[in-house]
Amino acid sequence: MQEAVTTNIHNFKNRLIQAEVNRLKRFPRELDLRALKNHGLMLLFKAKRANKMMIKRHFSMALKTAAFLSISFATMNANAFADTKLKQVIAGEHRTESYAARDKYRHPQETLEFFGIRDDMTVVEISPGGGWYSEILAPYLKENGLYIAAGYDPKSDMEYFANNAKKYAKKLADNPAIYGKTKLSIMQAPDHLDFAKPASADMVLTFRNTHNWHSRGHSEAVFKAIFKALKPGGVLGLVQHRAGHKYPEDTSGKFGYLKESDVIKLAESVGFKLVAKSDINANPKDQRNYEKGVWTLPPVYSLGEKDKAKYAAIGESDRMTLKFAKPAAK
């Protein structure tokens with residue numbers, strides 16, 4: 001009687017595992033499915049020689065293994081799709097030609113993947129400027145997520161901020177197929193810091209802006225506002241011109257460069273945890289001791305034609321790339 005029960009359970013488990021193997025065949029074959037089946041059968045063989053309690057234990061283990069591998073397959077395929085989608089957006093014909101030419105310095109795919117972006121996220125970009133990253137983020141997020149462009153106040157008393165905001169809004173309005181679902185908000189320290197609802201964003205991104213806040217004494221307030229806007233577990237992705245050990249001597253942000261240690265200390269002081277840092281956007285050729293600061297280098301070339309070939313050979317600035325997280329709720 002016991003032998004018959006064991007045989008029936010054995011056959012039942014075989015059918016379940018074979019069904020799971022067949023189901024997994026719908027996914028790409030990054031995994032050796034034969035190895036999965038053999039692993040399950042090995043567990044069952046051991047179970048057959050044990051008592052009824054051991055049979056149940058091994059059976060559960062086999063199913064959990066299959067389920068775990070199934071989830072891994074789904075995640076792996078979702079990531080592969082996201083990578084492909086991001087790559088297609090970056091290669092899109094909608095992008096400004098001069099912007100796309102800077103990919104070799106700004107590495108958008110590698111940078112966004114390092115931050116862990118997904119197309120179903122709510123992502124805020126702080127100070128999008130002329131829309132370099134908007135041309136990537138807006139189409140990438142428009143179907144499944146939300147892109148919030150937190151720029152300057154179009155009613156600002158400062159002409160530069162007002163003009164930039166109006167020019168950016170026109171860029172979006174002129175191409176609704178790309179930017180029709182983009183949400184505009186205002187982030188202009190120190191008066192406009194509520195650029196998103198509290199705990200509503202999965203990710204906040206800022207590219208080469210921190211020196212501006214730091215030099216004006218607004219950096220702590222801005223980082224607190226970012227922390228407030230993020231969901232627990234949300235990510236702050238930051239790229240910033242990086243000061244060297246010697247140059248520039250002034251690291252207040254006046255010359256565009258900040259010390260990486262100072263930026264990390266600032267973020268951690270408002271509650272962020274440093275998750276990882278990368279040299280994706282590093283440039284060892286950057287000497288950092290320029291008359292007009294970082295703006296001496298491309299794409300600004302603040303010295304005009306003077307030594308332009310020299311600065312073109314250096315390329316864009318050396319940049320820190322930092323990933324922070326708002327601690328998950330306990």
Side-chain angles (χ1 to χ4, degrees), residues 96 98-99 102 106 123-138 147-175 179 182-198 200-201 204-230 236-243 248 250-259 262-263 266-267 270 290-304 316-317 319-320:
T96 303
S98 60
Y99 285 4
R102 296 178 64 196
R106 303 195 68 178
V123 178
V124 180
E125 183 187 3
I126 303 293
S127 299
W132 197 95
Y133 259 103
S134 301
E135 293 186 355
I136 297 169
L137 295 169
Y147 172 52
I148 301 175
Y152 297 127
D153 182 3
K155 298 179 181 179
S156 175
D157 293 334
M158 298 186 67
E159 185 178 1
Y160 172 81
F161 292 148
N163 288 342
N164 180 278
K166 292 171 184 176
K167 184 177 179 180
Y168 181 77
K170 184 179 185 303
K171 176 185 180 75
L172 270 55
D174 286 347
N175 196 342
Y179 306 109
T182 296
K183 181 179 178 181
L184 280 171
S185 68
I186 298 173
M187 203 306 291
Q188 187 173 315
D191 300 321
H192 298 283
L193 295 173
D194 294 326
F195 51 82
K197 293 180 180 180
S200 64
V204 174
L205 300 172
T206 175
F207 301 98
R208 305 172 355 272
N209 295 306
T210 311
H211 61 280
N212 291 322
W213 310 326
H214 201 66
S215 63
R216 295 168 187 153
H218 300 153
S219 54
E220 183 178 356
V222 173
F223 274 64
K224 285 181 176 179
I226 293 172
F227 190 87
K228 179 181 176 182
L230 282 167
L236 165 60
L238 182 149
V239 177
Q240 170 59 38
H241 310 296
R242 176 167 51 192
D250 183 338
T251 57
S252 67
K254 176 182 177 181
F255 292 100
Y257 295 96
L258 296 176
K259 290 183 178 180
D262 287 346
V263 176
L266 172 63
V270 304
Y290 314 113
E291 178 183 349
K292 298 289 186 178
V294 73
W295 302 281
T296 305
L297 298 174
V300 178
Y301 292 112
S302 58
L303 295 179
E316 296 193 15
S317 66
R319 294 161 187 168
M320 63 185 87

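Worth knowing before you read on, the calculation uses all heavy atoms, side chains too, and leaves out hydrogens, waters and symmetry mates.
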*Would you name the heavy atoms of His211 and Trp295 that are closest together and state the gap between them?*
NE2-CZ2, 3.8 Å
*asked:* Can you tell me how far apart OG1 (Thr210) and CG (Leu258) are? Round to the nearest 0.5 Å.
replied: 6.5 Å
*Heavy atoms only: give me the nearest His214-Thr251 pair and the separation to one decimal.*
CD2-O, 4.3 Å
_Separation of Ile226 CD1 from Leu205 CG (nearest 0.5 Å)_ = 9.5 Å
_Suppose we screen for salt bridge (Lys or Arg N to Asp or Glu O under 4.0 Å). Which residues come up paired with Glu135, at least two apart in sequence or across chains?_
Lys171
_Closest approach of Ser134 to Tyr179 (non-hydrogen atoms, all atoms of both residues)_ = O-CE2, 3.7 Å
*Using a 4.5 Å cut-off on heavy atoms from C-beta on, say whether the side chain of Tyr168 contacts that of Tyr152.*
no
_Residues that Asp157 engages under salt bridge (Lys or Arg N to Asp or Glu O under 4.0 Å), provided they are two or more places apart_ = none
*Do you see a donor-acceptor pair shorter than 3.5 Å between the side chains of Ser302 and Tyr290?*
no
*Heavy atoms, side chains only, cut-off 4.5 Å: are Glu220 and Leu266 in contact?*
yes
*Indicate yes or no: at least one non-hydrogen side-chain atom of His218 is less than 4.5 angstrom from one of Asn212.*
no
_From Met320 atom CE to Lys259 atom NZ, the distance as rounded to the nearest 0.5 Å_ = 11.0 Å
*Considering only heavy atoms from C-beta outward, does the side chain of Phe227 approach that of Val204 to under 4.5 Å?*
no
*Sidechain-backbone polar pair: Asp174 side chain, Leu172 backbone, donor-acceptor under 3.5 Å*: no
*Taking C-beta and beyond as the side chain, do Pro154 and Ile186 meet within less than 4.5 Å on heavy atoms?*
yes
*Please report the closest heavy-atom contact between Arg319 and Val239, naming both atoms and the distance.*
CB-CG1, 3.9 Å
_I need the Tyr133 OH to Arg106 CZ distance, nearest 0.5 Å._
5.5 Å
_Would the distance check show the side chain of Thr96 and the main-chain N or O of Ser98 forming a donor-acceptor pair, the cut-off being under 3.5 Å?_
no
*To the nearest 0.5 Å, tell me how far Asp153 CG sits from Met187 CE.*
11.5 Å
*Report yes if the side chains of Thr206 and Leu236 come closer than 4.5 Å at any heavy-atom pair, otherwise no.*
yes
*In Å and rounded to the nearest 0.5 Å, what is the CG to CG distance from Leu297 to Leu303?*
9.5 Å
_Ignoring hydrogens, what is the shortest heavy-atom contact between Tyr257 and Arg242? Give both atom names and the distance._
CD2-O, 3.3 Å
Scan the side chains in residues 123-132 for donor-acceptor partners under 3.5 Å anywhere in the protein, sequence neighbours excluded, and list what turns up.
| residue | atom | partner | partner atom | Å |
| --- | --- | --- | --- | --- |
| Glu125 | OE1 | Tyr147 | OH | 2.6 |
| Trp132 | NE1 | Tyr99 | O | 3.0 |

*Determine the minimum heavy-atom distance between Ala189 and Val222, stating which atoms define it.*
CB-CG2, 3.8 Å
